[in-house]
Amino acid sequence: MTVTINDFNVKEKMQWCPGCGNFGLIASLKGAMADLGLKQHETVVVSGIGCSSKLPHYVNTYGFESIHGRGLPVASAIKLANTDLNVVAVGGDGDGYGIGVQHFIHIMRRNYDLTYIVHNNQIYGLTTGQASPTSQLGMKTKTTPWGVVEEPFRPLTVAINGGATFVARGFVGDPGHLKELMKTAIAHKGFSFIDVFQPCVTFNKLNTYPWFQERVYKLEDSGHDSTSKSAALSKAMEGEKTDYKKVPIGVFYKTDKPTYESTLPQIKDTPLAKQKLEIDLSKAYEEME
Ligand code: SF4
Ligand code: MG
């Protein structure tokens, strides 16, 4: 049976501010899932906590809203339990690059076959506008009334160096392009990561839709070689290096290597969830007597 984008809709009203970039992101994600023909009962969307992390409630698949910064460990556990599932983790910049950053680093170096999409609005939205790890230098927020003085976290350079086998950046203002990125990421065998510019229209008055529209351009129009790690790192820093005059989106880096699951003899042929439970505990009980 053909899957359409409507199959991924739910009745629940989406609790985001009017104009929030999360609406564009979820539309692209549902479109990507429909185009790939993913079946709802074979797909799980997992999140942490934040505005972004409400997303699993609004997609008609299996879902899990975990705790702050912990979407990725839950997603990787789901993948290990049943390698037949399509697993997509979502989160925000505060959630994933702040409290959850250690999971980001360790899970991508293992190369689980899952997709991680970060709604990067460069601010804490749900808690009403504090500086996040990706807030720009000098940006004034509730917690930085004189401007951010810390260097921003650089998710793409961390991912390219950290072992992610697919690294991309999208912008919700170009939902067709974002959908294609998501399709490629989900189809990729290994840890695929997309950092998505998702304007928070309520609390981030600097990185707005027009701000991005003036600056973003597509890597595929620039002759970028996504198999080259050094070229990918250079492009990942282009925004900062040009004082944000040019900010690329698209696939920065892509490579192939065995997934974590495929190297585990216990599950490489049959998913754990489909194996017969044949554990003989009698010897252990004898030893305890
Ligand atoms: Fe979107 Fe910002 Fe509103 Fe959260 S606070 S729903 S990120 S616009
Ligand atoms: Mg945020």
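Indexing begins at 1, ligand by ligand and atom by atom, following the structure's order.
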Gln198 near ligand 1 by a heavy-atom separation under 4.0 Å: yes

Within 6.0 angstrom of Lys140 NZ, more than 12 heavy atoms from elsewhere: no

side-chain hydrogen bond (donor to acceptor under 3.5 Å, both in side chains): pairs with one or both residues in residues 88-102, sequence neighbours excluded: Asp93-Ser132, Asp93-Thr134, Tyr97-Asp195

Atoms in ligand 1 flagged as close to Val201, the criterion being non-hydrogen separation under 4.0 Å: 8 (S)

Those residues that, when tested against Thr115, pass side chain to side chain contact (heavy atoms under 4.5 Å, CB included) (two or more places apart): Val88, Ile117, Ala185, Ile186, Ser192

Tally of protein N, O or S atoms, where distance to the Mg ion (ligand 2) is under 2.8 Å: 3

Near atom 4 (Fe) of ligand 1 (cut-off under 2.8 Å), count of protein N, O or S atoms: 1

Gap separating the CG atom of Leu114 from the CE atom of Met108, nearest 0.5 angstrom: 12.0 Å

Rounded distance (nearest 0.5 Å) linking atom CG of Leu85 with atom CG of Leu80: 11.5 Å

Spatial distance of atom CZ (Phe166) from atom NE2 (His188) [nearest 0.5 Å]: 7.5 Å

Minimum heavy-atom distance between Phe203 and Ile123, given as atom pair plus value: O-CD1, 3.9 Å

Spacing of Phe64 atom CZ and Ile78 atom CD1 [to the nearest 0.5 Å]: 6.5 Å

Plane angle bin for Tyr260 and Tyr112 - parallel if under 30°, tilted between 30 and 60°, otherwise perpendicular: tilted

Minimum heavy-atom distance between Glu238 and Pro248, given as atom pair plus value: OE1-CG, 3.6 Å

